[in-house]
Every structure is written in C-alpha cells, then in structure tokens.
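Here is the structure we will look at.
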Amino acid sequence: MRLSQRTCCRARAEVRQPGYDRSRLSRGVVHLGLGAFHRAHQALYTEAALQDGDRRWGIVGVSLRDPRMARALAAQDCLYAVIERQGSEAAARIVGALVQALYAPHVLEQVTGAIADPAASIVTCTVTEKGYCRHPSTSDLDLQHPDIQHDLAYPEAPRSTLGVLAAGIRRRPPGAPLSIVCCDNMADNGDTLRRLLMQFASQLDPALARRIRDEVALPNTMVDRIVPAATPASLTFAQQRLGLRDEAAIVCEPFTQWVIEDRFAGPRPAWEAGGALLTGDVRPFQAMKLRMLNGTHSAIAYAAQLRGIDTVAAAMADTVLGTFARGVMADLHATLAAPPGYDTASYGNALLCRLRNGAIAHHTAQIATDGTQKVPVRWLPALRESLATGVERPCLERALALWLHYLRCDTNEHGRPLAACDPGAARLAAALRGARGDTDAIRQALAHGAVFGDAPWPKPFQLRLAAHLTVLRERGAAALMSFTATT
Ligand code: CS2
C-alpha cells in the first residue's frame with residue numbers, strides 16, 4: 001500500500017505522524033529544488049514550527065529540472081518519510097509540511113504565482129552549487145551560461161533559478177516583504193545569491209534590481225545533514241520501517257544543524273523550534289562546515305573513486321584512506337577561526353563518527369560530482385591562505401592531486417570506468433589529458449581561472465603537485481596517501 005493522506009494512519013505504530021491538521025495550512029514558504037536534502041533538512045525545521053501551532057508555513061516545493069520527484073510526491077498527497085539511521089537505531093517519521101509539489105517547466109505560471117503571493121514571505125533554495133550559474137572562482141554571474149542567455153531573452157518563460165526568482169518577484173505586489181534563504185554549500189551563500197540575482201535583474205530591468213536591493217533579504221546560512229540519494233535498497237528499508245510504500249522516502253543520519261543569519265525582511269517560521277540557531281554572523285560556521293565536512297568529503301570521494309570504494313563508511317574503514325581523511329580534516333581545521341564559543345576539535349571528532357556511519361550508504365560517486373563547483377569552495381581558500389603565509393598542507397595538497405588525477409583518468413585502479421559527472425570539467429580534463437607530462441599538466445590545470453582563480457600559484461606548490469601526479473601515475477593512490485607512514 002502506498003503512503004498518502006488516507007493511508008498514513010496505517011503506518012506502523014512507532015512511526016511519528018504530523019501532529020496538526022494539514023488541510024488548514026497556508027502556503028507561506030516556496031522551496032526551489034525538491035531534492036532529498038531539502039526534504040530531510042529545512043522541511044523538518046518548518047515541520048517543527050507547524051507542530052508548534054503556527055499554520056502559516058506550508059511549503060510549496062518546486063523541481064526545476066526533473067519531473068520525477070514532484071510526480072512521486074503528488075501521488076502521495078506530498079507526504080513522505082524521513083528515517084534517521086545510526087548503528088542499529090532507526091527512527092521514522094512522516095512529514096506533513098509540504099503541501100504542493102510542482103515541476104516548474106509544466107506549471108511555470110503557478111510557480112511564479114506562488115513566489116508572488118504575499119502570503120509567502122520565504123523562498124528557500126537547494127539547487128546545488130551549479131544551479132546558480134556563477135563563475136565558481138569569482139561568484140559573478142556567468143552571462144554566457146545557456147540558461148542565463150535563454151532567460152534574459154525570454155524572462156517570462158525562465159528555466160534557471162535566477163530567472164524563476166526574478167519572474168516571481170516581478171509579479172509580487174510592491175511592499176510585500178520577501179526573504180530568500182539560500183541553503184546550498186557556498187561561502188557567503190546569501191550574499192552570493194544576492195549579487196547574482198542583482199546582476200541578472202539589472203540586465204533585464206534596473207527597477208527590478210533596485211527592488212531586490214531594497215526589499216528582499218538574503219540571509220547567509222550554514223546547512224548540515226548527510227542525506228544520501230535514495231536507492232532501491234533504501235526505499236525497501238523505508239517500506240519495512242513504515243509498513244507502507246513511499247517513493248520519496250529518505251534514509252539519512254540523525255545529526256542535523258542549521259545556522260541562519262538573523263536578517264529577514266518579513267515573517268518567518270520559528271525554525272528555532274527544530275533547533276536552528278539564529279545568529280549575527282554565520283561565516284565562521286560556514287567556513288568550519290564547508291572545510292571540515294565538505295572538504296574532507298571531497299577528498300574521500302576522489303580517493304575512494306580511484307580505488308573502487310563505493311561508500312564513505314567503507315572508505316573510512318580502509319586504513320590508508322581513513323588515516324588520510326583524518327589528515328585532510330586536520331589540515332583544513334588548522335586554517336579555521338572557530339565560531340565564538342564553539343569547540344571545533346569536538347566538532348571534528350563528532351564528524352569522524354558521522355563519516356563512519358555504516359547504517360547509511362553515502363555513495364562516493366555522489367560526492368565526487370561537480371568538483372569544479374565544489375573544490376573552489378572547499379579546498380582552495382584554505383590552500384591560498386596557507387600558501388600566502390608559507391605553510392604547506394601536505395594532505396590537502398595531495399587531495400588536490402587526487403582530484404586532478406581522477407579527472408585525467410578513464411578508469412579506476414581496478415580498470416573500471418570512472419565517469420566524472422561534472423559539466424564544468426570538460427576543458428580542465430581535456431587540458432590534463434593533453435598535457436606533455438606532469439609538470440605541464442599542473443601548469444595547464446592551474447591556468448584554468450574559472451576554478452583556480454587568476455592569481456598565480458607559488459612555483460614550489462606547483463612542483464609538489466606535479467610530483468604527486470607522478471606518484472599517482474606510477475604507484476597509485478594508496479602510495480600517495482600513505483606518505484606519513486613512509487616519510
Ligand atoms: C556532500 C554534501 O555531496 C556532497 O558534496 O559533501 O552533500 C554533504 O553531505 C552535506 O553538505 C552535509 O551537510
């Protein structure tokens with residue numbers, strides 16, 4: 001039996017249910033990017049606000065690219081389950097906060113209408129780093145991006161996140177306060193989205209750009225929860241736990257964190273009810289999380305992909321890779337200023353336990369996607385800052401070499417195909433593959449300004465990277481990573 005409003009009461013007794021009347025919810029939040037992360041993160045904080053009795057915050061969820069999730073959710077009256085797993089523990093709940101699931105290309109009018117509705121004072125976004133059409137190294141709008149060119153030519157029929165936001169804001173009555181909460185893993189994510197949206201709007205209509213500047217708040221946020229993409233196995237596990245079939249079920253870790261800059265234009269859900277921290281300055285939290293968690297994740301992903309290791313937990317259980325991952329985390333940790341009153345060393349220890357969580361199958365192939373968007377956020381600022389003060393980061397530098405080697409290879413160390421899923425990587429990979437030797441490969445890679453920026457990288461650093469590429473080619477990833485044991 002499939003999960004729906006009618007059947008949810010038939011779920012197993014231990015499954016937590018929405019404790020409020022869903023039919024009485026208003027549509028106060030519009031969310032762009034209906035993936036698993038939103039449904040297991042921001043939607044649960046909103047669920048907590050609804051459970052506290054504030055009915056204003058039903059969520060209209062929008063998929064911009066893929067119709068499947070909106071279709072699956074619509075067939076379930078927008079109900080879905082989240083199951084938190086660690087060790088032998090598993091806690092399941094059904095979430096009621098989502099009230100509508102739309103696939104934008106089919107119902108664009110409804111989507112921009114939902115953003116324009118003054119009852120909605122919040123738009124949240126999880127569209128992944130590449131969903132903002134920016135240059136990864138400068139965070140400026142990529143005016144050559146095909147979606148941006150399309151949306152500037154047809155502003156009433158947009159397909160990009162920026163185009164949809166602009167079209168919705170245009171239809172909004174003046175004076176209706178709006179806050180757009182970016183929940184993607186970018187440094188200064190709210191400020192970045194503000195800049196991109198203003199750059200986009202000013203190409204269309206200076207008055208719209210001014211309106212965004214004056215009326216729309218874009219707080220910075222740090223979001224954290226490890227939410228693997230669903231698999232047939234995770235859906236079967238969810239079915240056993242629920243006693244119902246749920247095509248949108250999520251199996252994720254118990255940990256969750258949301259730190260939000262307290263800068264809103266109008267009303268917002270009391271996300272504190274779900275444990276969100278509202279604060280004046282999110283930047284130290286962002287840096288800690290983007291570097292220690294996401295930076296370590298990316299290093300694990302490329303090393304594991306090269307070695308044919310499928311999940312993060314299996315990678316952490318591998319002696320060489322697990323030790324290397326701790327080294328990368330320590331390198332990144334050393335570059336941080338701790339958020340006030342926060343113990344980043346305990347954060348790191350807790351993080352290692354999270355990465356070892358074998359009850360969730362977090363696939364390294366998933367994390368390895370879109371490296372050209374992720375590396376400039378997760379590793380390069382820490383490397384730049386360190387090199388500027390003459391400090392080497394041996395593990396982090398090796399992680400960078402592992403990524404470049406990964407882009408250069410067709411197959412992993414067992415001869416199985418490596419499919420780098422990264423639309424921004426084609427030119428970089430071609431340069432690496434066409435290079436005359438390792439030194440030339442590094443020179444050509446670092447000249448790729450969209451990823452590495454325009455400032456020159458120190459020569460000794462380049463030579464170290466070239467030597468790492470040689471080790472990787474001749475002796476493999478384990479030899480490069482086990483340097484601490486051999487030097
Ligand atoms: C991961 C993130 O896929 C990735 O690149 O590093 O999705 C990570 O799991 C989340 O940011 C955790 O909060």
Side-chain angles (χ1 to χ4, degrees), residues 36-37 40-41 44 84-87 89 129 183-187 189 221-229 251-259 275-277 279 282-304 309-364 366-368 374-375 377-379 381-383 386 393-396 398-399 402-403 481 484:
F37 186 73
H41 188 272
L44 290 188
E84 299 172 356
R85 279 192 86 179
Q86 176 107 38
E89 303 288 314
E129 298 89 331
C183 299
D184 280 295
N185 286 321
M186 303 184 296
N189 50 4
T221 68
M222 180 272 246
V223 291
D224 191 8
R225 175 165 243 189
I226 293 176
V227 186
V251 178
C252 65
E253 65 168 346
F255 182 92
T256 179
Q257 190 174 22
W258 196 7
V259 185
L277 174 67
T279 174
V282 173
R283 282 169 302 179
F285 289 97
Q286 278 189 333
M288 175 183 78
K289 189 268 174 169
L290 290 171
R291 295 188 189 188
M292 290 180 73
L293 191 161
N294 297 110
T296 307
H297 247 173
S298 289
I300 293 170
Y302 299 118
I309 302 177
D310 284 341
T311 65
V312 174
M316 291 303 288
D318 177 273
T319 317
V320 171
L321 214 163
T323 308
F324 177 70
R326 285 203 299 281
V328 172
M329 194 185 289
D331 272 1
L332 288 161
H333 183 202
T335 68
L336 290 171
Y342 215 80
D343 178 359
T344 46
S346 340
Y347 176 83
N349 287 332
L351 188 50
L352 289 169
C353 295
R354 294 169 61 196
L355 298 177
R356 293 191 193 108
N357 182 355
I360 54 170
H362 198 192
H363 288 281
T364 55
Q366 182 186 347
I367 303 167
K374 293 174 178 177
V375 165
V377 173
R378 299 173 179 201
W379 297 346
L383 276 175
S386 302
R393 300 288 176 205
C395 292
L396 191 54
R398 280 169 173 78
L402 282 159
W403 177 52
M481 288 189 286
T484 38

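Because the structure is predicted, anything quoted here is derived from the model rather than measured.
In this structure, the side chains of Met481 and Leu402 come closer than 4.5 Å at one or more pairs of heavy atoms. Residues Gln257 and Leu277 are not in side-chain contact: their nearest non-hydrogen atoms beyond the backbone lie 4.5 Å or more apart. Side chains of Glu129 and Val377 form no contact here, defined as non-hydrogen atoms less than 4.5 Å apart. Counting heavy atoms from C-beta outward, Val259 and Thr279 have side chains that approach closer than 4.5 Å. Two residues are said to be in side-chain contact when any heavy atoms from C-beta on lie closer than 4.5 Å; Asn185 and His297 fail this criterion. Between Cys183 and Asn189 there is no side-chain heavy-atom pair separated by less than 4.5 Å. With contacts defined as side-chain heavy-atom distances shorter than 4.5 Å, the pair Val328/Ser298 does not qualify. Looking only at side-chain heavy atoms (C-beta outward), Arg225 and Glu84 come within less than 4.5 Å of each other.
Using the six-membered ring where Trp is involved, Trp379 and Tyr302 have ring planes that are perpendicular, over 60° apart on the 30 and 60° scheme.
The pair Asp331-Arg398 fails the salt-bridge criterion, with no side-chain N (NZ, NE, NH1 or NH2) lying under 4.0 Å from an Asp/Glu carboxylate O.
Of all the heavy atoms in Ala315 and Leu321, the pair that sits closest is O-CB, 3.6 Å. Residues Arg393 and Ala334 come closest through the heavy atom pair NH1-CB, 3.5 Å. When all heavy atoms of Ala359 and Gly87 are compared, the pair lying nearest together is CB-O, 3.6 Å. When all heavy atoms of Ala337 and Pro284 are compared, the pair lying nearest together is O-CB, 4.0 Å.
Without hydrogens or angle criteria, Lys374 side chain to Ile367 main chain gives a donor-acceptor distance under 3.5 Å.
Expressed to the nearest 0.5 Å, how far CZ of Phe285 lies from CG of Leu290 amounts to 13.0 Å. With rounding to the nearest 0.5 Å, the separation of CG in Asp318 from CD1 in Ile300 is 11.0 Å. To the nearest 0.5 Å, the span separating CZ on Arg291 from CE on Met329 amounts to 14.5 Å. Atom CE of Met288 and atom OH of Tyr342 lie 4.5 Å apart (nearest 0.5 Å). Atom NE2 of His41 sits about 11.5 Å away from atom CD1 of Ile226, to the nearest 0.5 Å.
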